[in-house]
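All of these numbers come straight from a predicted model, not from anything done at the bench. Residue numbers run from 1 in the order of the sequence given.
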Amino acid sequence: MKNKVLAGILLALASCAANATPIAITGYDIENTYVSGIGGWSHTYSGTITTVSQDIADYTGGSGTLNDGVISTSVSDTQLFNYPKDSAPIITLYLDNYYSIDSILISGGDFLSNSIPGELVGLDVTIGTTTEGFVTVGQGSSNGSRFADDYIGLVGSTLEGLVTNQIILSGFDSTWGSYNTFSIAEIGIEGVLASEPVPEPAVISLFGLALVGLGFTRRKKSS
């Protein structure tokens, strides 16, 4: 029995150390975003779009440009974000299962044939009740010279090892003016599948308790 318990715990720890793989985003919500068509930038969304003010809306319960698997090469199928700091967008991404997240890649950024939007240089990432700010790392372009890819690595951060089925992106910062203008053509996430929604520290604690229990059992048999 004790060997089966130990084997199960070791298997759980091994799964946490597995290589990261692409994660499916099943849907997303956005608070405070421009509607499609502003400035010639167009995007799609299958959910409910609720007007907040002129040209600004909340998106809920759907999917679209940010997770359609297409990294556009033009303003078409690319969502423009342009906002005063007091009405900043918040993007909530819903995942197809529970994962420990390793990285986020945002395809969009600097549209070089148009003077806007600016390049995305930073944002906040929230998992559960934990939020950390990140400086993005430019990854060049997925489509010639038109768009830049912005990378956020969570390994080594306070978010490493947290298990979740949703991620919140907020606090965006770009290089273009006081309105923090930027665009997103696609969002990609990589991480490790979790067998159940238990944070990594809890798994480690369970492993420690199991070892203590095995030691107690051995001492009892010896006596």
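Between Ile71 and Glu186, the closest heavy-atom pair is CG1-CB, 3.9 Å. Between Val75 and Gly40, the shortest heavy-atom distance links the atoms CG2-O, 3.4 Å. Pairing each heavy atom of Tyr28 with each of Thr44, the nearest pair is OH-O, 3.8 Å. Contact detail for Asp29 and Gly61: the closest heavy-atom pair is OD1-N, 2.9 Å. Counting all heavy atoms, side chain and backbone alike, Ser76 lies closest to Ser42 at CA-OG, 3.4 Å. Across every non-hydrogen atom of Gly171 and Asp124, the tightest pair is CA-OD2, 3.9 Å.
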(message) The test is side-chain hydrogen bond (donor to acceptor under 3.5 Å, both in side chains); show your working for Thr158 and Glu132 and say whether it passes.
(response) CA-CA 7 Å; Thr158 58; Glu132 183 168 339; 2.6 Å; yes

(message) I'd like to know whether Ile56 forms a side chain to side chain contact (heavy atoms under 4.5 Å, CB included) with Thr33, so could you lay out the CA-CA distance, the side-chain angles of the two residues, the decisive distance to 0.1 Å, and finally the verdict.
(response) CA-CA 5 Å; Ile56 300 293; Thr33 187; over 6 Å; no

(message) The test is side chain to side chain contact (heavy atoms under 4.5 Å, CB included); show your working for Ile101 and Ile167 and say whether it passes.
(response) CA-CA 9 Å; Ile101 310 302; Ile167 301 170; 3.8 Å; yes

(request) Report the C-alpha separation of Ile106 and Asp149 in whole Å, then their side-chain angles, then the decisive distance to 0.1 Å, and conclude whether the side chain to side chain contact (heavy atoms under 4.5 Å, CB included) test is met. (result) CA-CA 6 Å; Ile106 299 177; Asp149 294 334; over 6 Å; no

(message) The test is side chain to side chain contact (heavy atoms under 4.5 Å, CB included); show your working for Thr181 and Leu80 and say whether it passes.
(response) CA-CA 8 Å; Thr181 311; Leu80 178 66; 3.7 Å; yes

(request) Please step through side-chain hydrogen bond (donor to acceptor under 3.5 Å, both in side chains) for the pair Asp96 and Tyr99, ending with a clear verdict. (result) CA-CA 9 Å; Asp96 67 341; Tyr99 297 89; 2.6 Å; yes

(request) Go through the steps for Gln79 and Ser183 under the test side-chain hydrogen bond (donor to acceptor under 3.5 Å, both in side chains), then give the verdict. (result) CA-CA 5 Å; Gln79 186 156 356; Ser183 67; over 6 Å; no

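At least one donor-acceptor pair under 3.5 Å links the side chain of Ser46 to the backbone N or O of Ser63. Between the side chain of Asp58 and the backbone N or O of Asn32 there is at least one donor-acceptor pair closer than 3.5 Å.
Leu120 and Ile38 fall within a single hydrophobic cluster, where Ile, Leu, Val, Met, Phe, Trp and Tyr are joined by side-chain heavy atoms under 4.5 Å apart, directly or via other members. When hydrophobic clusters are built by joining Ile, Leu, Val, Met, Phe, Trp and Tyr residues whose side-chain heavy atoms come closer than 4.5 Å, directly or via intermediates, Ile49 is grouped together with Tyr34. Under the 4.5 Å side-chain heavy-atom criterion for grouping Ile, Leu, Val, Met, Phe, Trp and Tyr, Leu193 is not connected to Tyr94 through any hydrophobic cluster. Hydrophobic cluster membership differs between Val155 and Phe134, with clusters built from Ile, Leu, Val, Met, Phe, Trp and Tyr side chains linked at under 4.5 angstrom. Leu105 and Val70 are assigned to two separate hydrophobic clusters, defined by single-linkage of ILVMFWY side chains at heavy-atom distances under 4.5 Å.
Ile152 CD1 to Asp102 CG: the interatomic distance, rounded to the nearest 0.5 Å, is 13.0 Å. Here the straight-line distance linking atom CD1 of Ile25 with atom CD1 of Ile187 works out to 5.5 Å at 0.5 Å rounding. Note: Ser157 OG to Leu162 CG = 8.0 Å, rounded to the nearest 0.5 Å. The CD1 atom of Ile184 sits 9.5 Å away from atom OG of Ser107, with the distance rounded to the nearest 0.5 Å. Put simply, CG on Leu169 and CG on Leu123 are 5.5 Å apart, with the number rounded to the nearest 0.5 Å. Taking CZ of Phe81 as the start and CH2 of Trp41 as the end, the distance is 11.0 Å to the nearest 0.5 Å.
With sequence neighbours excluded, the residues forming a side chain to side chain donor-acceptor pair (under 3.5 Å) with Tyr59 are His43, listed by chain and number. Residues satisfying the side chain to side chain donor-acceptor pair (under 3.5 Å) criterion with Tyr45, sequence neighbours excluded, are absent altogether. Not counting sequence neighbours, the partners of Thr126 by the side chain to side chain donor-acceptor pair (under 3.5 Å) test are Thr131. Take Thr48 and apply the side-chain contact (heavy atoms from CB on, under 4.5 Å) test, not counting sequence neighbours, and it matches Thr50, Thr60. With sequence neighbours left out, Thr136 forms a side chain to side chain donor-acceptor pair (under 3.5 Å) with no residue at all.
Cluster partners of Ile90 are Ile168, counting Ile, Leu, Val, Met, Phe, Trp and Tyr whose side-chain heavy atoms approach within less than 4.5 Å, directly or via other members.
Taking the side chain as every heavy atom from C-beta outward, Val137 and Asp150 never approach each other to under 4.5 Å.
Paired with Gln166 under the rule side-chain contact (heavy atoms from CB on, under 4.5 Å), one option of Leu95, Leu93, Thr26, Thr92 passes, and it is Thr92.
Here Phe182 and Phe172 bring their ring centres to under 6.0 angstrom of each other.
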